[in-house]
Amino acid sequence: MAKIAISDGWYKHLYSEFESDYMKNLSNFLRKEKRQRKIIYPRGSKIFQAFNLTPFERVKVVILGQDPYHGPSQATGLSFSVSPNIPIPPSLKNIFTELRQDLDVQSRTSGCLENWAKQGVLLLNSCLTVEKGKPGSHRNKGWERFTNAALQALTTNKKNIVYILWGKHAQEKIHLINPEHNMTVISPHPSPYSAQSGFFGSKPFSRTNSYLQDVGKEPIYW
């Protein structure tokens with residue numbers, strides 16, 4: 001985090017966060033973890049990847065996740081996405097299943113979602129780092145405050161965004177969203193533990209595109 005690699009538009013709105021004590025403490029925490037030879041995902045250059053592939057000016061949709069993947073070579077800095085040639089995780093498999101049922105999009109062989117991000121889908125995790133093999137290990141270190149600030153910046157400065165909130169953890173952020181000027185798509189999480197309880201059949205992709213078209217925006221090519 002010594003060099004902040006984040007796009008200009010986002011930096012403009014989040015500058016004060018980077019200058020705050022909590023972010024300095026978070027930076028010190030990450031340096032200490034690395035000095036102790038702990039493996040942190042994603043690698044430093046990818047921590048702000050969601051913000052770089054989806055500049056502030058282009059955000060049309062937000063899909064909110066929790067932590068980065070904690071397995072080797074999985075975390076990309078984008079929620080739910082994995083690198084090409086990495087096996088597709090169970091939750092993402094269920095996302096693709098719902099996509100096929102919703103829009104008849106054929107099953108994907110790659111779990112890389114960069115194409116979504118480049119079209120304006122902000123694939124944002126609440127926490128932007130995690131220790132290898134330890135899900136939730138970097139919660140309550142400051143990342144939640146930072147990503148809340150990002151959501152607040154969107155709410156304050158933009159409208160007609162679709163917020164896709166899968167699961168209780170994502171839905172805790174609903175107070176940051178202005179319902180009068182945006183759309184929320186709410187359902188259980190796509191995890192195998194909850195997908196059968198209302199995620200399947202929720203049609204998030206067609207609902208998102210219908211709203212975007214209604215407000216004069218290009219739909220997402222999912």
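FYI, side chains are in, hydrogens and waters are out, and symmetry mates aren't considered; it's all heavy atoms of this structure. As the structure is a prediction and not an experimental result, all values here were calculated from the model.
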Checklist entry - Any side-chain heavy-atom pair from Y69 and L92 closer than 4.5 angstrom? => result yes

Item to check | Nearest heavy atoms of V185 and M183, plus distance in Å | outcome: CG2-CE, 3.9 Å

Checklist entry - Does some side-chain heavy atom of V130 sit less than 4.5 Å from a side-chain heavy atom of W143? => result no

Checklist entry - How about P190 and E98: do any of their side-chain heavy atoms sit closer than 4.5 Å? => result no

Next on the checklist: Could you walk me through whether F205 and I95 satisfy the side chain to side chain contact (heavy atoms under 4.5 Å, CB included) test, starting with their C-alpha distance in whole Å, then the side-chain angles of each, then the deciding distance to 0.1 Å, before giving a yes or no?
Outcome noted: CA-CA 10 Å; F205 307 102; I95 290 170; 3.7 Å; yes

Checklist entry - Is there a side-chain contact between L154 and Y163 (heavy atoms, below 4.5 Å)? => result yes

Item to check | Neighbour count >12 (heavy atoms, 6.0 Å) for atom CG, D214 | outcome: yes

Next on the checklist: Could you go through L30 and H138, starting from their C-alpha distance and side-chain angles, then the distance that decides it, and tell me whether this counts as side chain to side chain contact (heavy atoms under 4.5 Å, CB included)?
Outcome noted: CA-CA 9 Å; L30 292 174; H138 289 185; 3.7 Å; yes

Next on the checklist: Test your reading of the model: is there a side-chain donor-acceptor pair from Q49 to the backbone of S45, 3.5 Å cut-off?
Outcome noted: no

Checklist entry - Rounded to the nearest 0.5 Å, how far apart are OG1 of T184 and CD1 of I177? => result 6.5 Å

Item to check | S7 side chain to F51 backbone, donor-acceptor under 3.5 Å | outcome: yes

Item to check | Under 3.5 Å donor-acceptor, S27 side chain and M23 backbone | outcome: no

Checklist outcome for this item: d(I220 CD1, Q119 CD) to nearest 0.5 Å is 5.0 Å

Next on the checklist: Distance check, rounded to the nearest 0.5 Å: E19 atom CD versus K24 atom NZ?
Outcome noted: 6.0 Å

Checklist entry - Within the side chain of S202, is there an N or O that forms a donor-acceptor pair under 3.5 Å with the backbone of F199? => result yes

Next on the checklist: Ignoring hydrogens, what is the shortest heavy-atom contact between S91 and S191? Give both atom names and the distance.
Outcome noted: OG-CA, 3.3 Å

Checklist outcome for this item: The reported gap from OG1 in T156 to CG in N178 (rounded to nearest 0.5 angstrom) is 9.0 Å

Checklist entry - Can you pull the salt bridge (charged side-chain N to carboxylate O under 4.0 Å, His left out) pairs that have at least one residue in residues 35-53, sequence neighbours excluded? => result E33-K38

Next on the checklist: For the backbone of K203 and the side chain of Q101, can you confirm whether one donor and one acceptor N or O come within less than 3.5 Å of each other?
Outcome noted: no

Next on the checklist: For D67 and Y41, which I'm curious about, is there any donor-acceptor pair between the side chains at under 3.5 Å?
Outcome noted: no

Checklist entry - ring-ring contact (aromatic ring centres under 6.0 Å, His included) with F48: which of W10, F18, Y11? => result F18

Item to check | Donor-acceptor under 3.5 Å (S81 side chain, L78 main chain) | outcome: no

Checklist entry - Would you find a donor on one side and an acceptor on the other, under 3.5 Å apart, between the side chain of N160 and the backbone of N182? => result no

Item to check | Euclidean distance, N125 CG relative to I63 CD1, rounded to 0.5 Å | outcome: 11.5 Å

Checklist entry - Does T129 reach the main-chain N or O of I40 with its side chain, forming a donor-acceptor pair under 3.5 Å? => result no

Checklist outcome for this item: In terms of heavy-atom contacts, D102 and S206 come closest through OD1-OG, 2.6 Å

Item to check | Heavy-atom closest contact (A153 atom, H13 atom, distance) | outcome: CB-CB, 4.0 Å

Checklist entry - K173 and L151: which non-hydrogen atoms are nearest, and at how many Å? => result CB-CD1, 4.1 Å

Next on the checklist: Using side-chain heavy atoms (C-beta onward) and a distance below 4.5 Å, is I161 in contact with L122?
Outcome noted: no

Next on the checklist: Could you walk me through whether K217 and Y211 satisfy the side chain to side chain contact (heavy atoms under 4.5 Å, CB included) test, starting with their C-alpha distance in whole Å, then the side-chain angles of each, then the deciding distance to 0.1 Å, before giving a yes or no?
Outcome noted: CA-CA 9 Å; K217 294 184 178 183; Y211 177 83; over 6 Å; no

Checklist entry - Rounded to the nearest 0.5 Å, how far does CZ of F29 lie from NZ of K141? => result 4.5 Å

Checklist entry - So do L124 and S79 actually touch side chain to side chain, heavy atoms under 4.5 Å? => result no

Next on the checklist: Determine whether L26 and F146 satisfy the following criterion, side chain to side chain contact (heavy atoms under 4.5 Å, CB included), listing intermediate values before the conclusion.
Outcome noted: CA-CA 10 Å; L26 174 57; F146 178 79; 5.9 Å; no

Next on the checklist: In the structure I gave you, are the side-chain heavy atoms of D104 and Q106 within less than 4.5 Å of one another anywhere?
Outcome noted: yes

Next on the checklist: With ring pair (Phe, Tyr, Trp, His ring centres under 6.0 Å) as the rule and sequence neighbours excluded, what pairs involving residues 174-196 come up?
Outcome noted: F80-H189

Item to check | Distance-minimising heavy-atom pair for G198 and S187 | outcome: O-CB, 4.1 Å

Item to check | Verify same cluster id: I39, I47 (apolar side-chain graph, 4.5 Å) | outcome: no

Item to check | Any donor-acceptor pair under 3.5 Å from T54 side chain to V121 backbone | outcome: yes

Next on the checklist: Donor-acceptor check, side chain of N148 to backbone of L176, threshold 3.5 angstrom: yes or no?
Outcome noted: no

Next on the checklist: Measuring only between side-chain heavy atoms, which start at C-beta, is R139 closer than 4.5 Å to E144?
Outcome noted: yes

